[in-house]
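These notes are about the structure you will find just below.
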Amino acid sequence: MSPAAASIPLPKRSGRCLSSRTCWTSGSWPGWQPRPHEGLHNPYLPGRTLSPNESYAIAVARTGYLPLALSGTDYIELLPSVWRAVNDYGIKIDYRIYDCPELNPLRRQPSGAKTRQDLWEVHHDPYDVSRIWVRRSDTRQWIEAPWTHMPMVRAPFADFTWRHARQLLADQGGDSTSETAIAQVLASLLRRSGAPPTGSAHVLARTRAGVEAPTRPALPPPPAPADETEPEDDETEMPVIPFGVFNPAEEEGQPLW
């Protein structure tokens with residue numbers, strides 16, 4: 001949030017100030033944002049009451065702004081989230097199990113989020129559900145966990161592709177809750193070279209479009225462990241080479257005129 005936005009007072013309802021997250025999602029926000037408020041004035045516009053939109057526009061016009069590309073962490077923060085338990089086998093979402101060794105400290109442990117029944121925050125990309133990201137409650141960093149049956153499919157796929165494979169399996173009389181059976185149907189669907197099953201052409205086209213979309217930015221590498229060994233003091237003094245005196249009337253030591 002910019003300093004200009006931070007200085008704008010939040011709307012009140014029933015005598016309580018709403019949080020910024022609530023304001024963005026509340027129905028009163030569109031009416032509050034363009035409406036003038038007594039607490040918003042500008043010394044260069046005496047006698048005029050400003051709206052939050054006008055105050056923010058003036059602040060941006062005076063201070064400027066710097067557009068920044070999303071980092072890998074920003075990308076994951078904006079993805080849909082669910083709350084799940086980290087079990088001995090990993091994390092289950094829609095009959096898919098995700099697991100990795102980095103989840104070992106979290107297994108069968110409370111996250112500390114009491115309002116979420118001590119479940120863990122999990123973010124996922126609906127257009128590529130071959131992996132998920134779990135937020136650690138202590139470091140606030142992300143753990144990337146792959147789908148355990150990914151070697152069987154060997155191709156990225158979307159959430160709607162998975163649901164379509166489950167429906168195909170159910171239409172064949174199979175168990176649409178069996179992860180292995182769904183993975184087999186999904187792998188056959190994605191690798192099919194001939195005509196797809198009825199109703200699958202549109203799903204496969206959407207899946208390919210999602211795969212061909214720009215990939216997400218890479219996550220920053222984890223911080224390296226601190227080196228507890230103290231560096232040895234190097235008492236050797238390096239020679240100091242001073243800069244020469246600049247003479248605008250010379251070029252490479254020769255007078256210009």
Side-chain angles (χ1 to χ4, degrees), residues 70-108 111 119-136 141-222:
L70 290 178
S71 65
T73 303
D74 296 331
Y75 180 89
I76 295 175
E77 289 281 359
L78 296 174
L79 292 175
S81 63
V82 294
W83 294 80
R84 293 290 188 271
V86 182
N87 297 299
D88 293 335
Y89 56 79
I91 299 175
K92 180 180 288 188
I93 300 178
D94 196 13
Y95 302 103
R96 297 183 305 271
I97 294 178
Y98 300 85
D99 196 18
C100 67
E102 289 76 14
L103 292 178
N104 289 340
L106 279 59
R107 301 185 194 276
R108 303 180 66 180
S111 66
L119 300 177
W120 295 88
E121 183 180 0
V122 180
H123 285 211
H124 60 96
D125 186 348
Y127 292 94
D128 183 7
V129 292
S130 61
R131 73 194 82 181
I132 60 172
W133 294 270
V134 185
R135 192 200 297 272
R136 292 192 57 139
Q141 294 184 348
W142 296 102
I143 298 175
E144 183 175 314
W147 181 40
T148 56
H149 281 60
M150 194 60 195
M152 181 184 298
V153 177
R154 294 185 296 178
F157 60 95
D159 180 61
F160 55 81
T161 318
W162 173 264
R163 295 197 305 269
H164 183 71
R166 288 191 60 199
Q167 185 61 49
L168 291 177
L169 181 60
D171 294 342
Q172 298 170 4
D175 183 4
S176 62
T177 64
S178 171
E179 183 180 22
T180 302
I182 303 171
Q184 292 173 346
V185 173
L186 180 63
S188 175
L189 182 65
L190 295 177
R191 298 173 190 169
R192 181 182 294 270
S193 58
T198 303
S200 300
H202 180 63
V203 174
L204 292 176
R206 290 181 61 195
T207 303
R208 287 191 295 269
V211 171
E212 294 170 359
T215 56
R216 65 175 180 84
L219 280 174

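Throughout, numbering of the chain's residues begins at 1 and tracks the sequence.
We find the CE-OG1 distance between Met152 and Thr180 to be 5.0 Å, quoted to the nearest 0.5 Å. Remark: Ile91 CD1 to Leu106 CG distance equals 7.5 Å, nearest 0.5 Å. Summarising the geometry, atom CG belonging to Leu78 is positioned 9.0 Å from atom NE2 belonging to His123; distances are rounded to the nearest 0.5 Å. Atoms CZ and CG, from Arg166 and Leu168 in turn, are 12.0 Å apart once rounded to the nearest 0.5 Å.
Leu190 has its side chain within reach of Thr161: a pair of non-hydrogen atoms, C-beta onward, lies under 4.5 Å apart. Between Arg191 and Arg154, some side-chain heavy-atom pair lies under the 4.5 Å cut-off.
Contacts of Ala145 classified as side-chain contact (heavy atoms from CB on, under 4.5 Å), with partners at least two apart in sequence or in another chain: Tyr98, Cys100, Leu103, Ile132. Glu77 is linked by a salt bridge (charged side-chain N to carboxylate O under 4.0 Å, His left out) to Arg135, counting only residues two or more places apart in sequence or in another chain. For Trp162, the ring pair (Phe, Tyr, Trp, His ring centres under 6.0 Å) partners at least two apart in sequence or on another chain are Trp147. For Phe160, the side-chain contact (heavy atoms from CB on, under 4.5 Å) partners are Tyr127, Ala158, Arg163, Val203, Arg206, Thr207, not counting sequence neighbours. Taking Thr148 as the reference, Ile97, Asp99, Glu179 meet the side-chain contact (heavy atoms from CB on, under 4.5 Å) condition, with sequence neighbours excluded.
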So Leu186 and His149, side-chain contact (heavy atoms from CB on, under 4.5 Å) or not? Walk me through it.
CA-CA 11 Å; Leu186 180 63; His149 281 60; over 6 Å; no

Decide yes or no on side-chain contact (heavy atoms from CB on, under 4.5 Å) for Trp142 and Glu102, but give the supporting numbers first.
CA-CA 10 Å; Trp142 296 102; Glu102 289 76 14; over 6 Å; no

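When every heavy atom of Trp133 is checked against every heavy atom of Asp125, the shortest pair comes out as CZ3-N, 4.1 Å. Of all heavy-atom pairs spanning Ala155 and Met150, the tightest one is O-CE, 3.1 Å. Counting all heavy atoms, side chain and backbone alike, Ile182 lies closest to Ser176 at CD1-O, 3.2 Å. Residues Pro105 and Arg136 approach most closely at CG-NH1, 4.4 Å, considering heavy atoms.
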Side chains of residues 79-88: which donor-acceptor pairs under 3.5 Å do they make with residues two or more places apart or in other chains?
unit_1, atom_1, unit_2, atom_2, d
Arg84, NE, Lys92, O, 3.2
Asn87, ND2, Tyr89, OH, 3.0

